[in-house]
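Each chain gets a letter, A, B and so on, in the order the sequences are listed, and its residues count up from 1.
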2 protein chains.
Amino acid sequence: MRLLSLIERNTLVPPRLSRACAVGEGIYRSGNDGLAWRVSCGVVRLDALSASGDSQFASLAMAGDIIGCEALLFGGYTFSATALTQCELAPWPEGDTAPAGESLLQSLAVAQKRAADVVALRGGEALARVVNLVRLLTDASGSVVLPTRQDIADITDLRFETISRIVKRLERAAVLLPVKICGVHATRSFAVNLAGLSAL
Amino acid sequence: MRLLSLIERNTLVPPRLSRACAVGEGIYRSGNDGLAWRVSCGVVRLDALSASGDSQFASLAMAGDIIGCEALLFGGYTFSATALTQCELAPWPEGDTAPAGESLLQSLAVAQKRAADVVALRGGEALARVVNLVRLLTDASGSVVLPTRQDIADITDLRFETISRIVKRLERAAVLLPVKICGVHATRSFAVNLAGLSAL
DNA sequence: CGGCCTCTTGAACATTCTCAAATTCGGTGG
DNA sequence: CCACCGAATTTGAGAATGTTCAAGAGGCCG
C-alpha cells in the first residue's frame, strides 16, 4: 500500500489511489484492520457478525458514503464489506485535505439519511420493499443492475424465492425490462419503467 | 428555554444547557430549523416524512448519539424527533470545544453501528425482534421502560396487536416481570430476566 | 362518572415461508 | 463449437407466521 501510494503520486490519477471492485468481491472483513474508504460509485453491502457467528446484513453504502472509518478509531473493522455491483472506492480521508469538520458533519448527516433509507427497505409489503430497492439502485439513465436474488433477500429480509417471484412479476408488468445481450436476456440488468407500477 | 438556560448557568449542571423531555414529547419536527443535540440519556425516535405525507419510523437515537446535525448544514431537520422514554438532550456541538475531527469521526462510527442495530430490529421472527429491542432498551440494572405497543410496532414493522401478544408471552414466560407501583402493575415498566427466554 | 386512549384477546384471513423439483445461466474443458 | 458442471433462478403446493377486524377491559383525567 505504501508502494502503491508512491506510484500514484507520480502518475496523477484523479482520485489518487482508488480501488475497483468486481461484483461479489469482498472488500474487507470484520475484525481485520485497514483503511477507511469513500464509495465513489457502485453499491456496497455491510454485514455484521451475529452472536451465532454468521454474518447478517447490516447496511448499504452508496456513492459518497464513507465506510470502514471505525478502523481508524478502533483498529479493526466492525462490519464486513462486499461489492453488490461494480464499484470504486477511494481511500479516506482524501490525502492532502485533512477531514474538515464541515465535511465530516456532512458525512454524518448523509449516513443518517442512508440508514433511514435502509430501514425503510425492511418495512411494508414485500413488493413495495423490492420496488424501493430498485428505485434506490436505478441510475440517472433509468437502468439498474440488481444484486443476486439472495442479496436482495438479505437486504429486504425476505426469502430469495419471494424475491424471484416479485422480480418476475415486475418483469411481466413491464416495470423491469430485461436488457438483452446478444439475444439472451440477463437476469440482473434491466431498464426501469416505474410507470408500469400502476398496473399492479 | 431561555429561562431554563439562566437557571442552568447558575446551578452548574454538567452539560451546561440541557433539555429534558417527557415520554411521548415531540423534540423537533421535520422541516423546521433548530439546534443539533446530543442525547445524554433516554431513547429518541426519528421519523421521516414519506411521499404520502405521513411520517414513518426512520431510526432510533440513544445515549451518546447526535441528532439533528443536518439542520446545521441544510437549515432544516430531515427527520422529526420524539422522546420514547424520559430523556435528556444537550445542545451540540458542546459550547467551548469545537467539534473536533476525532470526536466527529467517532460519532460517525457510532451512527453506523446504531443504524445496523436498528436494521436488525426489523429482521427475523417477531419474537426475536421484540426481544432484541428489549435488550437494546434495558439499562445496566436490568430494568426497562418500554415505549407504547404502537411505537414498538413501528420500530419492528409489526402490528401493535402482535406486539401486545408477544409482550404478554414474555410476561408469562417471566422474561418481563411487571413492576408493581402501589399494587397496580404497569404495562411498560419491567424487570428483565433474559434467562426465561430458554423456555420459549 | 364519562370519555378517551392504550392494551388485550379471539377468529378468520392473507402473505410469506418452506421444501422440493425443474430450468436456466455462466463458465470450463474437450 | 458443444457437453457438462455448479450456482442461480423459477415455480408449485402446503404450512406457518403475522394481519385484520371486532369486541371488551383497564387506566387516566377532567
A:Ala71 and A:Gly34: which non-hydrogen atoms are nearest, and at how many Å? CB-O, 3.6 Å

Within this structure, what is the [atom1]-to-[atom2] distance between [X] and [N], rounded to whole angstrom?
| X | N | atom1 | atom2 | answer |
| --- | --- | --- | --- | --- |
| A:Leu170 | D:dT9 | CG | P | 15 Å |
| B:Gln150 | C:dC5 | CD | P | 14 Å |
| A:Arg129 | C:dT15 | CZ | P | 14 Å |
| A:Leu127 | C:dT15 | CG | P | 11 Å |
| A:Lys168 | C:dT24 | NZ | P | 11 Å |
| A:Arg169 | D:dT9 | CZ | C1' | 18 Å |
| B:Asp157 | D:dT17 | CG | C1' | 14 Å |
| A:Glu125 | D:dT20 | CD | C1' | 13 Å |

Once you apply a heavy-atom cut-off of 4.0 Å, does [X] come out as touching a base, just sugar-phosphate, or nothing?
| X | result |
| --- | --- |
| B:Leu158 | sugar-phosphate |
| B:Ser164 | base |
| B:Arg188 | sugar-phosphate |

B:Arg129 bridged to A:Asp157 by N-O distance under 4.0 Å: yes

Between the side chains of B:Arg38 and B:Asp65, is the shortest nitrogen-to-carboxylate-oxygen separation below 4.0 Å, so that they form an ion pair? no

At what distance, to the nearest 0.5 angstrom, does CZ of B:Arg19 lie from SG of B:Cys87? 8.5 Å

Using a cut-off of strictly less than 4.0 Å, decide whether [X] has a side-chain nitrogen or oxygen near OP1 or OP2 of [N].
| X | N | value |
| --- | --- | --- |
| B:Arg165 | C:dC7 | no |
| A:Arg172 | D:dT11 | yes |
| B:Arg159 | D:dT19 | yes |

Let's see if you can work this out: which of D:dT11, D:dC21, C:dC7 has an atom nearest to the side-chain heavy atoms of B:Glu161? D:dC21

Show, in sequence, the C-alpha distance, side-chain angles and deciding distance for B:Arg45 and B:Asp151, and conclude whether the salt bridge (charged side-chain N to carboxylate O under 4.0 Å, His left out) test is met. CA-CA 9 Å; B:Arg45 165 183 173 161; B:Asp151 277 320; 2.6 Å; yes

Result for 5'-nearest mapping on DNA chain D, choosing between B:Ile166 and B:Phe160, is B:Ile166

Earlier contact from the 5' end, DNA chain C, for B:Thr162 and A:Gly124: B:Thr162

